[in-house]
Amino acid sequence: MSQTRKQNSSNGETKPRTSFVNKFFRGSKLTNSKAGSRKETNDLETTNFQPSNDAKETTTLDTAKPLPPDTAPGSRMEKSELLPPQLGPTAADQSLDLNNRGLTPGDLRAVVALLPLLPDLETLDISWNDFVSGTLRSITQQMHLVSKLKILRLGSCRLTTDDVRALGEALEAIPELEELSLSWNSRVGGNLPLILQKFQKGSKIRTLELVDCDLTSEDGTFVGDLLPMMQNLEVLDLSINRNIGASLNSIAQGLRSTSNLKVLKLHSCGLSQDSVRLLDAVFRYLCELKNLDLSCNKELGGGFEDSSAQLAALEHLEVLDLHQCSLTAADVASLTEASAYLPALEIVDLSWNKCVGGNLKLLLEMLKFLAALRVLRLSSCALVTEDVALLASVIQAGHLAKLQKLDLSYNDSICDAGWAIFCQNVGFLKELSELDISLRPSTSRDCGRWFRHLLRAVSKLSKITEIGMKRWILPTSQEEELEHFQQDHRGSIHFDLGEGQ
């Protein structure tokens, strides 16, 4: 989950905020916050607080004017001090997206001046801007002027305890709030009640994201007590908070009241075998759940052996992520049994569970049941030749007809004969767009004769665009074959052989 933060420092005085606002409205051709007509639209969306680098249309501004006389010599004039980058007329009225814009303190003062002029604002995203740290109160004091706000994103803003307290005081002023994202702010941990204690029963909150907030077990207990008040909740992400596993009993009790929940993410939360049993008792209350992520909980292994019965109640489940959970063979057998009742399952990730190796036969029935399966990830599962031969038989029988992405990377124990059998049958996956059979970073191998079978098979797959083959070494003859293949297919398929090839 590593992210890259873009930071810009600014020394000296910044351009007066009235200049910022004047340029904003002159450039966007708006005379007030409610534009009479909109001939253009500019859809600005941010997902999971990822820094947004997409190029979008921007309003033309006259930026060639000289610096104002009151600007101190040597100070830096940032582009963002003239106008929040990538904002168009529609965004100015209802959506203010400043995600990862390298805002300076001067920019934040300008935003504060701008908010009173945007009474219809519904989305405010200032994630990944470090200079927000310690200054959030100046923004939250204006929240009553944007009472229609539905989405507030403050991910990775280095919020301080005072910021957290100020946010909690302001939430009452925005009763229409549906999404609150505070991920990657460590000071949220231990202070969560300061933010959420004023949530009332019947809250409109649909999305609550608290990824990597250093939440304590007490915070987890508080979340459990709070959940019954958020009956509209659809997305709950508490990932990378390793201490909340100790308070999962409280969280599980609260989840019984969130019957509209569609996404539950508890990646790397210190879950154990007992945690699986607690969750299993809750699943029958979560009939709308579509995405369940319990990945990277290494103590979870063995928990599904006797606790998968209620998992079958999740008939709408589309995504099941259990990678790196130290699953046992008995876990896999139980999951296979439950999968017969999960017809909507589209994505299954069992990567980094070594028990799958040599036991893929346990998954065969699951793969036969999952007619809607689009993505199957079995990376680093210690697969052996027999496993891929069994997988090939399932493919040949047409049970994975809708599969689009298949990840078999980091399974170095498969011999050339196994890859040959697999490659001879991969052509039956007519919907396949991505295939990864890369080797581990610490190893490399000469590519066997099976490579010719692979080329012949993918030539029949009209939708495939990416084949991962990192650290497989092609001899000169196979490099020439690949070159001819690419010429014939006009480079429509990217073979990723890694560095040096």
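Note that the structure is predicted; figures quoted are calculated from it, not measured.
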Polar contact flag, side-chain donor to acceptor under 3.5 angstrom, [X]-[Y]:
| X | Y | value |
| --- | --- | --- |
| Ser127 | Asp125 | yes |
| Asp107 | Thr104 | yes |
| Asp130 | Ser133 | no |
| Tyr410 | Arg440 | no |
| Lys354 | Ser380 | yes |
| Asp496 | His494 | no |
| Glu209 | Ser181 | yes |

If you take all heavy atoms of [X] and [Y], which pair is closest and at what distance?
| X | Y | result |
| --- | --- | --- |
| His316 | Cys287 | CD2-O, 3.0 Å |
| Leu115 | Gln142 | CD1-CB, 4.0 Å |
| Leu227 | Leu255 | CD1-N, 3.7 Å |
| Gly303 | Val276 | O-CG1, 3.4 Å |
| Ser351 | Ser379 | OG-N, 3.0 Å |

Is it true that a side-chain atom of [X] and a backbone atom of [Y] form a donor plus acceptor pair closer than 3.5 Å?
| X | Y | value |
| --- | --- | --- |
| Ser247 | Ile244 | yes |
| Asp214 | Gly189 | no |
| Asn291 | Glu318 | no |
| Asp407 | Ser409 | yes |
| Ser339 | Leu342 | no |
| Thr258 | Asn260 | no |
| Asn191 | Val188 | no |
| Asn241 | Ser239 | yes |

What I want to find out is whether [X] reaches [Y] closely enough, with some N-O distance under 4.0 Å, to be called a salt bridge.
| X | Y | result |
| --- | --- | --- |
| Asp274 | Arg277 | yes |
| Lys204 | Glu176 | yes |
| Arg206 | Glu179 | no |
| Arg374 | Glu346 | yes |
| Arg187 | Asp163 | no |

> Is the CZ atom of Phe495 crowded by more than 12 outside heavy atoms at less than 6.0 Å?
Replying inline: yes
> Run the side-chain hydrogen bond (donor to acceptor under 3.5 Å, both in side chains) check on Asp162 and Thr160 step by step: do they pass?
Replying inline: CA-CA 5 Å; Asp162 184 65; Thr160 65; 5.2 Å; no
